[in-house]
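Everything below concerns the one structure shown next.
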2 protein chains.
Amino acid sequence: MKSVNIPAIAVQRLTLYARNLALLDQKGMEVVSSAGLADICGVNPAQIRKDLGYFGQFGIRGVGYYVKELAYEIRKILGLEKEWRLALVGVGNLGSALLRHAQFLDQSYTFVQVGQITVAPVKALKRLVKDKGVEIGVIAIGPRWAQQVADEFVGAGVRGILNFTPVQLRCPSDLHVENVDFTRMLDMLCYRLTLNQ
Amino acid sequence: MKSVNIPAIAVQRLTLYARNLALLDQKGMEVVSSAGLADICGVNPAQIRKDLGYFGQFGIRGVGYYVKELAYEIRKILGLEKEWRLALVGVGNLGSALLRHAQFLDQSYTFVQVGQITVAPVKALKRLVKDKGVEIGVIAIGPRWAQQVADEFVGAGVRGILNFTPVQLRCPSDLHVENVDFTRMLDMLCYRLTLNQ
DNA sequence: GTATGTGAAACCGTTCACAGCA
DNA sequence: TGCTGTGAACGGTTTCACATAC
């Protein structure tokens with residue numbers, strides 16, 4: 001791994017590459033060039049090579065990349081070899097969908113070893129996180145309670161939070177928070193449609 | 001509006017400002033400075049002023065911004081004054097959650113006038129889009145069928161697609177697609193947690 | 001010959017700093 | 001005085017172009 005700072009956006013693209021490499025692998029393709037993968041992913045070939053360059057050299061000049069191998073290397077880079085334990089708060093609404101249809105998760109995460117997802121009444125959270133070694137808290141509850149749940153997750157010792165509410169959470173800076181906010185994406189869509197009449 | 005190209009990321013932040021302005025308004029605050037809003041949103045004050053500057057002059061020097069007024073102006077910029085009609089494909093899984101718990105949507109969209117959301121068997125899509133004037137298609141179906149549904153939406157004359165599947169959709173360039181991909185956000189989280197041991 | 005890996009250049013977005021105005 | 005609006009400086013990301021290796 002290089003000592004330069006790796007842009008977060010490059011890491012995000014890595015997940016895109018991993019997904020499409022898995023698809024190529026399923027189709028029996030063994031080798032792919034940066035140009036080929038770039039076309040599928042909708043990015044510039046040089047960008048793929050640059051992104052990969054942050055972490056090492058995975059290709060063969062004059063040939064390309066071995067699909068299986070590159071997919072594995074990216075999974076390793078992203079830390080997806082490990083089994084992550086998640087706790088979900090919010091059994092109603094979005095939460096129940098995430099839980100009840102675990103196959104949805106599995107389908108998109110064939111290459112990820114996601115651990116048990118546990119539903120917990122908020123009060124029992126602290127014990128649960130400590131006993132079960134939960135590392136990631138998922139907040140899929142109404143926006144009104146989002147900050148409170150986040151605080152409890154923090155107090156319980158979770159290291160990261162996946163936030164499905166549109167609330168901007170206030171958390172300690174050493175805690176990692178990722179937001180999935182479809183209302184924002186919908187707003188963006190409306191803006192772009194409005195621009196083009 | 002300025003004639004320079006407006007970065008998509010600036011527009012995305014506008015939605016963040018709008019949301020927090022609505023909250024400030026609910027709390028009875030009438031005026032806010034770029035510094036005050038920036039603190040709440042977790043961004044740089046100059047960035048807010050710059051973002052707004054793409055669209056006009058909304059503040060008063062030495063004072064700040066009128067909360068209600070700015071919130072309204074941003075809604076207008078984003079095209080959220082209009083009522084948007086959406087069609088949802090995917091009643092199972094994520095889709096049912098989006099539909100059955102409309103109050104979830106309402107809660108986060110108090111300032112948005114989102115139109116009827118219609119569930120349709122895929123075959124009837126074309127007629128539905130044309131008869132009801134649907135402008136945005138929402139794809140919350142299994143990844144396996146995502147591209148097919150997208151193609152049908154395109155054929156039916158939808159102008160934009162909100163894609164909840166992790167599939168990179170292939171669509172005509174004049175169609176607007178926004179992706180909500182929580183698997184990617186989860187991957188990012190895992191990477192960052194792995195970095196810090 | 002072909003495709004990677006990577007410095008250099010071009011481009012874009014963010015932040016600074018201050019002029020302009022209430 | 002205080003805060004907006006904005007040109008300029010800065011920093012970071014993308015793309016180019018070519019040396020390098022198979």
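Just so you know, these numbers come straight off a predicted model, no measurement behind them. Throughout, a chain's letter reflects where its sequence line sits, starting with A, and its residues are numbered from 1.
Taking 4.0 angstrom as the limit, A:Y65 places a side-chain polar atom (N or O) nearer than this to OP1 or OP2 of C:dG5. Between A:R13 and D:dT14, a side-chain N or O to OP1/OP2 separation shorter than 4.0 Å is present. The side chain of B:Q57 contributes an N or O atom lying less than 4.0 Å from OP1 or OP2 of D:dT6. Close to D:dT4, at under 4.0 Å from its OP1 or OP2, lies a side-chain N or O of B:S34.
The only member of B:M29, B:R19, B:K68 that meets side-chain contact (heavy atoms from CB on, under 4.5 Å) when paired with B:L24 is B:M29.
Comparing D:dT13, C:dA3, C:dT14 against the side chain of A:S33 picks out C:dA3 as the nearest.
Less than 4.0 Å separates DNA chain C from at least one heavy atom of each of the following residues of residues 38-51 of chain B: B:N44, B:A46, B:Q47, B:R49, B:K50.
Following chains of ILVMFWY side-chain contacts shorter than 4.5 Å, one can reach A:I48 starting from A:F55, so the two form part of one hydrophobic cluster.
Atom C1' of nucleotide C:dG13 and atom CG of B:L14 are separated by 15 Å, given to the nearest angstrom. The separation between B:R61 atom CZ and D:dT4 atom C1' is 5 Å, rounded to whole Å. Between the CD1 atom of B:I9 and the P atom of C:dT15 there is a distance of 10 Å, rounded to whole Å. Atoms CZ (B:F55) and C1' (D:dT4) sit 18 Å apart, rounded to a whole Å. When rounded to the nearest whole Å, the span between CD1 of B:I6 and P of D:dT6 equals 13 Å. Between the OH atom of B:Y54 and the P atom of C:dC12 there is a distance of 11 Å, rounded to whole Å. Atoms CZ (B:F58) and P (D:dG5) sit 9 Å apart, rounded to a whole Å.
Few gaps surround CZ on B:F58; more than 12 heavy atoms of other groups in view lie less than 6.0 Å from it.
Mapping B:V63 and A:V63 onto DNA chain D by nearest heavy atom places B:V63 closer to the 5' end of the strand. Both A:L52 and A:G62 lie close to DNA chain C; mapped to their nearest nucleotides by heavy-atom distance, the more 5′-ward contact belongs to A:G62. Heavy-atom nearest nucleotides on DNA chain D were determined for B:G59 and for A:A10, and the one closer to the 5' end corresponds to B:G59.
You'll find the side chain of A:Q168 stays beyond 4.5 Å of the side chain of B:I40, heavy atoms only. Counting heavy atoms from C-beta on, the side chains of A:W145 and A:I139 never come closer than 4.5 Å. In this structure, the side chains of A:F164 and A:L88 stay at 4.5 Å or more apart for every pair of heavy atoms.
Side-chain polar atoms of B:Q47 and B:D51 form no donor-acceptor pair below 3.5 angstrom.
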